[in-house]
Amino acid sequence: MPEEIKYQINVLMADNTVTKDDLTDKIFVVVSTGTADKERIISEMMEVNPGLERETLRHVLDLENRVIKKLLLTGMRVNNGLFEATAQCRGVVQGTAWNPETNTIYVNFQQGKDMREAINSTTVNVIGEKGASMYLSTGEDAATRSVGFTATAGSNFTLTGKNIKIAGDDPSVGITLTDSDGTETKITGGMIGLNQPSKLIFFIPAGLADGEYTLTVTTQFGGGPLLKSPRSVSRTLYIGEAPEPAPGGGEEEEGGGESPDPIV
């Protein structure tokens, strides 16, 4: 009797976007380890039995697929242990004839006995909480063409990063500039010329005085369904000229720069 195989699968906790009123509701999602095509399956089979020939295995898999298709599409129910499959019909009857525009055939797959037993012997490891990272990378001042976090009042500023698209209806969503006294200036929708997941172009209000500001991007965008609660990322932005570095601070290494400030 062959030794029973024990399986392990990793999962992450994720925000349940269906229950929008419950900000604490979580679900588990499986951590993908890639896609296994036919060649990967053959390689795995050869690892179990190195004496098998790749061409022979490829022929067997092709033949199995051909036979399963034939059986299903001639009305047979197929049960190979891993799955049970049956051909079924979609669409309503119009008259007495089959209409390919409204009537279609599809195949319904369900877990088979072998697959259910394998699932029951699988260990599930919860390895953390899922989150699409969010960060600000760099910027560019349209007036001076300087790259970095120095801007000019009354000019456009380009901001690059990841998952920074402004989206969601929470009142906190948007771009803000906060000066050293705590006065906040919000960049309204009409001042945002480009709104993409990796790039924002917005107008710096002309009335802002030169000085140090905290630039904050707040959004419910996460690369998929909108997040139930917004998240933010901030960087220091200078309007006008940035202050000179303090003496003795050392020179930045070539190829350096501010590293992204990730939010996970």
Side-chain angles (χ1 to χ4, degrees), residues 1-20 25-133 162-163 197-198 221-227:
M1 182 177 178
E3 182 180 357
E4 183 182 2
I5 300 176
K6 298 292 185 181
Y7 305 96
Q8 291 195 50
I9 195 166
N10 294 330
V11 301
L12 291 168
M13 293 180 292
D15 185 30
N16 186 358
T17 58
V18 176
T19 55
K20 295 183 178 181
D25 194 21
K26 303 286 184 181
I27 59 173
F28 287 115
V29 293
V30 173
V31 177
S32 173
T33 56
T35 301
D37 58 10
K38 183 190 297 183
E39 295 303 316
R40 173 61 184 273
I41 293 172
I42 292 173
S43 296
E44 293 286 337
M45 294 170 70
M46 294 178 66
E47 185 173 328
V48 174
N49 190 338
L52 298 173
E53 293 289 338
R54 179 173 289 271
E55 289 301 320
T56 300
L57 291 174
R58 185 181 293 112
H59 177 71
V60 169
L61 290 180
D62 288 342
L63 185 59
E64 181 187 31
N65 289 345
R66 176 180 173 182
V67 170
I68 288 176
K69 284 186 291 186
K70 174 187 174 183
L71 294 172
L72 286 171
L73 297 180
T74 53
M76 291 285 291
R77 182 185 188 92
V78 173
N79 182 354
N80 67 356
L82 290 182
F83 62 81
E84 298 179 17
T86 53
Q88 299 180 2
C89 300
R90 281 198 180 106
V92 298
V93 177
Q94 298 177 345
T96 58
W98 180 271
N99 184 353
E101 294 184 0
T102 58
N103 303 122
T104 58
I105 295 290
Y106 74 99
V107 176
N108 180 45
F109 289 86
Q110 295 182 348
Q111 297 172 7
K113 182 175 181 292
D114 289 353
M115 180 60 75
R116 291 193 297 270
E117 291 177 350
I119 291 172
N120 291 335
S121 65
T122 298
T123 300
V124 178
N125 302 316
V126 181
I127 61 174
E129 188 162 353
K130 181 181 179 181
S133 62
K162 182 179 179 182
N163 288 328
S198 60
F221 180 79
L226 289 181
L227 304 174

Undergrad: Report yes if the side chains of K38 and D62 come closer than 4.5 Å at any heavy-atom pair, otherwise no.
TA: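 K38 reaches D62 side chain to side chain.
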
Undergrad: When rounded to the nearest 0.5 angstrom, what is the spacing between OG1 in T33 and CG in N10?
TA: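 Here the rounded value is 9.0 Å.
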
Undergrad: Do the charged groups of E39 and R54 touch, with an N to O distance under 4.0 Å?
TA: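 Yes, this pair counts.
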
Undergrad: Could you tell me the separation between the CE atom of M45 and the CG atom of L61, rounded to the nearest 0.5 Å?
TA: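 Rounded to the nearest 0.5 Å, the CE-CG separation comes out at 5.0 Å.
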
Undergrad: Roughly how far apart are L72 CG and R77 CZ, rounded to 0.5 Å?
TA: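 It is 10.0 Å, given to the nearest 0.5 Å.
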
Undergrad: Can you give me the closest heavy-atom contact between V107 and A85, atom names plus distance?
TA: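 Heavy atoms only, the tightest pair is CG1-CB, 3.9 Å.
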
Undergrad: What distance do Q110 atom CD and T86 atom OG1 have between them, rounded to the nearest 0.5 Å?
TA: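 The distance works out to 7.0 Å.
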
Undergrad: Just how far is it from atom CG of L71 to atom CG of N79, taken to the nearest 0.5 Å?
TA: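 Reported value, rounded in 0.5 Å steps: 12.0 Å.
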
Undergrad: Can you tell me how far CD of E55 sits from CG of L57, rounded to the nearest 0.5 angstrom?
TA: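 Spacing of CG (L57) from CD (E55) equals 9.5 Å.
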
Undergrad: Return the set of residues passing side-chain contact (heavy atoms from CB on, under 4.5 Å) with S198 (not counting sequence neighbours), or none when no residue passes.
TA: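 Here no residue qualifies.
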
Undergrad: Can you name the side-chain contact (heavy atoms from CB on, under 4.5 Å) partners of F28, sequence neighbours left out?
TA: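 Applying side-chain contact (heavy atoms from CB on, under 4.5 Å) to F28 gives V11, M13, V126.
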
Undergrad: Quick check on M76: does its CE atom have over 12 non-hydrogen neighbours (other residues, nucleotides or ligands) under 6.0 Å away?
TA: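 At most 12 heavy atoms, drawn from other residues, nucleotides or ligands, come within 6.0 Å of this atom.
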
Undergrad: Please list all pairs passing the side-chain hydrogen bond (donor to acceptor under 3.5 Å, both in side chains) test where one or both residues lie in residues 95-109, with sequence neighbours left out.
TA: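 Non-adjacent pairs meeting side-chain hydrogen bond (donor to acceptor under 3.5 Å, both in side chains): Q88-Y106.
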
Undergrad: Can you run down the ring-ring contact (aromatic ring centres under 6.0 Å, His included) pairs that involve residues 47-89, sequence neighbours left out, and say none if there aren't any?
TA: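 Residue pairs passing ring-ring contact (aromatic ring centres under 6.0 Å, His included), neighbours aside: F83-F109.
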
Undergrad: Under the side-chain contact (heavy atoms from CB on, under 4.5 Å) rule, collect the residues that match up with S121, sequence neighbours excluded.
TA: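 So S121 forms a side-chain contact (heavy atoms from CB on, under 4.5 Å) with E4, Y7.
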
Undergrad: Got a sec, which residues hit side-chain contact (heavy atoms from CB on, under 4.5 Å) with Q8, two or more places apart in sequence or on another chain?
TA: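 For Q8, the residues satisfying side-chain contact (heavy atoms from CB on, under 4.5 Å) (neighbours in sequence not counted) are T123, N125.
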
Undergrad: Any Lys/Arg nitrogen of E53 or R58 sitting under 4.0 Å from an Asp/Glu carboxylate oxygen of the other?
TA: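 Salt bridge: no.
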
